[in-house]
Amino acid sequence: MAREIAKAYEPQQIEPRWAEYWVKEALFKADSNAPGPVFSIVIPPPNVTGSLHIGHMLEHTEIDILTRWHRMRGYNTLYLPGTDHAGISTQRVVVKHLMDQGIDYKKLGREEFEKQVWKWKAEAGSQITQQMKGIGESCDWSRERFTLSPEMSRVVREVFVRLYEEKLIYRETRLVNWCPVCLTVLSDLEVVHEERQGHLWHIKYPVVGTKEFVVVATTRPETMLGDTAVAVNPGDERYKGLIGTKVLLPLMNREIPIIADEMVDREFGTGAVKITPAHDPNDFEVGRRHKLAEIDVMTDDGRMNANAGAYAGLDRFEARKRVVEDLKAQNLLEKITEHTTAIGICERSKTIVEPRISTQWFCRMKPLAEPAIAAVERGEIRMVPDNRREEYFNWMRNIRDWTLSRQLWWGHRIPAWYCKEHAHITVAREAPAKCATCGSANLEQDPDVLDTWFSSGLWPFSTLGWPEETADFKKYYPTTLLITGYDILFFWVARMIMLGIHFTGKVPFGAVYLHSLVRTASGEKMSKSKGTGLDPVALNLQYGTDAMRFCLASMAAPGTDIILSDDRLAGARNFANKIWNAARFLFVNLDKFEEGGTKLEELATPEARAKAPYAVSGKVPLVDAWLFARLAGAIELVNEALKNYRFHEAAQGVYQFFWGDFCDWYIEWVKPELQNTDRERAIAAWKNLFAAFDAALRLLHPFMPFLTEELWHQLPQKAGAKSIALDRFPEARVDWKNTKALSDVALIQEVVTAMRTIRAELKLDPKKKVQADFSAGDAIARDLIVANRAAIERFAALSGLRVTSERLQGDGMTRSTSAFDLRIPFTEIVNPQVEIARLKKEIEGLQKAIASKERQLGDETFRSRAPEKIIKGLEATLAEQRIELQKLQERLRQLEKGS
RNA sequence: AGGCCCGUAGCUCAGUUGGUUAGAGCGCUACCUUGACACGGUAGAGGUCUGGGGUUCGAGUCCCCACGGGCCUACCA
């Protein structure tokens with residue numbers, strides 16, 4: 001019966017089927033009791049309410065390639081999936097969602113709001129995991145985790161309490177980054193700095209009791225309403241006499257002192273600085289040093305408060321305008337100059353961050369950072385590419401305390417309770433009945449939640465059952481590897497290393513591979529809000545998930561960002577189609593062959609495939625020996641590349657083998673053998689073909705799981721075998737290696753290619769068969785050509801190939817190497833003049849190459865200093881080129897004489 | 001302000017410790033609809049590695065400078 005195989009690969013027809021199958025059969029469920037070396041990896045948890053973007057696609061492709069590769073090589077493999085509750089962004093999304101329905105979340109109240117978020121999570125939260133299942137990621141779905149699940153919460157509280165007890169977590173009032181839109185404090189990392197063109201306003205502050213002014217320069221005039229001093233450098237002669245006197249703060253009519261502080265740069269501005277301790281980090285420090293009042297002039301949503309006098313109620317930007325106008329009106333504005341400043345922007349809301357005094361929870365980082373620095377220094381954690389190490393060290397060595405609390409409702413609530421009588425703090429794993437200090441039962445829990453990164457920082461061990469010594473924890477921790485983007489090296493990776501070492505005593509992963517960013521054609525970061533993001537799901541539908549994966553892998557050179565294009569994707573799709581058609585060739589021709597009685601089940605059983613390559617009359621045919629040698633080389637290349645996260649090299653190696661070696665040469669070469677009337681020969685050819693094809697599929701599987709799964713199932717498999725993903729990765733068998741076969745076929749390929757080149761130069765009709773000559777002084781080379789004459793004649797469309805040891809004479813187009821000469825007679829279109837011109841050009845190039853080598857070899861310093869190997873190589877090439885040159889010149893003389 | 005990275009074929013990028021005539025994909029040119037594949041086949045053109053200087057027998061590869069582009073960190077009002 002004839003097999004039905006579509007003419008072109010249609011991924012849409014097969015992908016959903018296998019994606020579902022893999023999940024339903026729970027094929028990738030890890031067994032912590034199983035033996036073998038361990039490969040474990042946890043997913044960087046994507047936002048629970050998000051959807052798969054192209055960056056995930058790259059990251060997950062890399063993770064899944066390595067996961068599948070290890071699994072197939074017999075590792076006890078765990079790829080643990082999960083999602084992140086993503087405090088700020090999720091809360092923002094749900095708040096907006098409610099607002100669209102006319103609901104004010106504040107009016108709902110905390111409890112009801114939290115219910116709404118959980119409801120939202122239940123509806124939208126599975127989108128990304130569904131997408132991950134759809135693209136066939138080989139996760140253990142039975143171990144899926146969520147950063148805000150009760151289990152994870154328990155771990156978070158445990159960690160918080162321990163750190164508090166160790167005095168690494170503390171509560172303090174200080175200047176923090178405040179987002180007036182998100183209405184929460186932010187950590188330093190969540191503030192992005194942007195250079196913006198601004199102004200420097202020079203404001204005159206009248207000196208009390210005189211007619212003089214002190215001029216201060218500021219970039220934020222509205223904050224002057226909260227000024228509590230003016231500072232000058234103690235060494236500044238201009239202001240020496242004024243230190244200790246007072247100025248009258250304009251608009252507020254408040255007397256404030258002129259103080260001296262080293263912080264002031266005499267060169268900048270006027271050398272006098274207004275001090276606003278409640279609204280500027282520098283000023284805050286100065287204020288604390290000089291015990292100045294801290295006057296907060298703003299509300300939490302960025303408007304001016306009662307402390308701002310007449311400006312109360314105005315938005316901060318409006319207040320700025322009004323302050324400037326009023327100063328101008330009072331003749332207190334000396335001048336305005338242009339000034340660029342790096343301004344702090346909230347990562348989420350993109351609004352300008354307001355430095356603000358606030359009481360928050362902090363984590364002391366220095367003690368945590370030290371061991372984390374040491375671990376990377378010692379190489380306990382390998383960082384790839386390793387130039388990121390410097391960035392890591394630099395940040396870690398200058399690390400500052402981490403603002404942990406967030407004024408949100410969605411997240412891990414801080415396990416701290418305050419008694420209402422004395423505001424004593426009780427930090428506990430479970431809600432306490434009474435105050436730990438005074439015993440009061442009148443307690444209130446801190447309303448704030450923890451920074452989302454605090455819980456994700458525990459991810460590698462919280463997901464595996466810590467603090468319990470679970471079987472999973474013992475087996476899979478530390479994880480083998482982490483793959484994530486370099487943009488969250490500090491946010492996440494560094495914190496995991498610090499917390500992992502602190503709590504488990506071990507590094508959380510043995511290596512970190514920091515993948516690239518996928519950028520738009522113009523090189524920008526893709527962004528959903530700008531609409532420049534590519535939707536991987538749509539692209540997967542268009543090109544096939546396998547093509548997308550392969551494309552990303554082949555572009556994923558460590559350290560280089562990826563610019564994805566339709567052309568590249570099409571190229572990968574074409575590769576998938578090529579494989580599909582190779583399979584189609586196999587099966588279509590097998591149908592014909594099976595009419596002779598030998599069925600697929602005999603040719604391609606797993607046992608039969610394991611015994612390849614097969615011999616004919618006691619000898620493995622050259623091309624089969626060659627193919628398996630090439631396969632062994634490809635396997636080694638892929639293994640070596642993946643070991644070093646060189647995805648692009650691995651992908652390229654597979655591509656070259658499958659397309660270049662297997663399709664272009666091997667299949668073409670064995671075509672006649674497959675239908676050979678000598679049944680024994682044909683059967684051997686088929687067996688070798690299937691064995692090679694099967695191995696190639698397994699080699700390709702980590703890159704293109706769907707296509708290979710589909711085709712693998714078309715081959716006979718062991719009873720009960722469920723998936724190529726659980727089959728073995730091909731091994732570069734020692735008995736496959738064969739340098740003789742490699743060089744023999746290389747020579748034949750060279751001959752064939754040269755013949756085709758001559759044909760093209762002669763402008764021969766591709767179908768026209770012609771007589772050709774091959775000449776070589778070496779008998780072994782001649783024997784090789786004679787033995788493979790049929791294949792060569794077919795490849796080069798020859799009616800006959802004369803093999804001789806004599807120099808080639810007579811008319812015709814030639815090709816020469818030091819080892820052999822080829823010739824095909826001239827055609828009506830192409831005559832000796834064309835060949836003469838070509839020869840002259842070639843001779844010229846060769847003479848140049850020879851001259852430069854002779855010069856180099858003649859140099860005594862070179863001869864004495866260069867390694868033996870290089871000299872020998874050079875001499876050998878030179879000898880060959882001389883022979884070649886001699887041949888070309890002789891040939892040229894012949895033709896010139898004849899014409 | 002400090003630190004890092006990049007500048008190689010028309011485009012996107014490889015090029016592992018410096019070593020013989022610098023590679024790939026896409027694009028381009030010519031020919032070919034041959035029964036796996038036009039999402040294909042065969043052959044070919046095309047870079048002297050941003051510029052300058054240096055180290056070396058030898059540099060795309062190491063060092064310095066310049067130019068161009070990108071990124072990160074940072075409390076200059």
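The chains referred to below are lettered A, B, ... by the order of the sequence lines, with proteins before strands, and numbering in each begins at 1.
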Does a side-chain N or O of [X] approach OP1 or OP2 of [N] to a distance below 4.0 Å, or not?
X      : N     : answer
A/H279 : B/A77 : no
A/W659 : B/C39 : no
A/T757 : B/G44 : yes
A/N577 : B/G40 : no
A/K853 : B/U21 : yes
A/R568 : B/G25 : no
A/K671 : B/U34 : no
A/K872 : B/U20 : no
A/R646 : B/G15 : yes

Categorize [X] for me: base, sugar-phosphate, or nothing, with a 4.0 angstrom heavy-atom threshold over every strand shown.
X      : value
A/T341 : sugar-phosphate
A/K7   : sugar-phosphate
A/R400 : sugar-phosphate
A/D567 : sugar-phosphate
A/P867 : base
A/T753 : sugar-phosphate
A/R573 : base
A/F284 : nothing
A/D283 : nothing

[N] - base-pair partner by Watson-Crick or wobble geometry, distances under 3.5 Å:
N     : answer
B/C76 : none
B/G60 : none
B/C4  : B/G70
B/C26 : B/G10
B/U21 : none
B/G40 : B/C32

Do A/R388 and A/Y486 form a cation-pi contact, if we require the NZ or CZ to be under 6.0 Å from the six-membered ring centre and within 45 degrees of the ring's axis? yes
Think A/R174 forms a cation-pi with A/F362, using NZ or CZ under 6.0 Å from the six-ring centre and within 45 degrees of its axis? yes
In whole Å, measure the gap between the [atom1] atoms of [N] and [M] for me.
N     : M     : atom1 : result
B/U16 : B/C76 : P     : 39 Å
B/G51 : B/C67 : C1'   : 7 Å
B/G2  : B/C11 : C1'   : 35 Å
B/C6  : B/U12 : C1'   : 14 Å
B/G53 : B/C72 : P     : 35 Å
B/G15 : B/U34 : C1'   : 38 Å
B/U21 : B/G25 : P     : 23 Å
B/G10 : B/A45 : C1'   : 12 Å

Hey, which of these two, A/D265 or A/W665, hits RNA chain B nearer its 5' end, going by closest nucleotide? A/W665
Toward the 5' end of RNA chain B, which comes first, A/T270 or A/T861, by nearest nucleotide? A/T861
So, do A/D859 and A/R863 sit near enough that their side-chain heavy atoms are less than 4.5 Å apart? no
Please report, rounded to the nearest Å, how far the C1' atom of B/U42 is from the CD atom of A/E761. 13 Å
Rounded interatomic separation in angstrom, taking CG from A/L764 and C1' from B/A30: 14 Å
Measure from the side chain of A/K767, starting at C-beta and using heavy atoms only, and say which of B/U21, B/C72, B/U33 lies closest. B/U33
State whether A/R220 and A/E222 are salt-bridged, where the test is any N-O pair (Lys NZ or Arg NE/NH1/NH2 against Asp/Glu carboxylate O) under 4.0 Å. yes
With hydrogens left out and only the distance checked, is there a donor-acceptor pair under 3.5 Å joining A/E668's side chain and the base of B/A36? yes
Examine [X] together with [Y] and report whether their ring centres are nearer than 6.0 Å.
X      : Y      : answer
A/F647 : A/Y513 : yes
A/F593 : A/W686 : yes
A/Y655 : A/H648 : no

Could you state the interatomic distance from CG (A/N581) to CG (A/L586), rounded to the nearest 0.5 Å? 11.5 Å
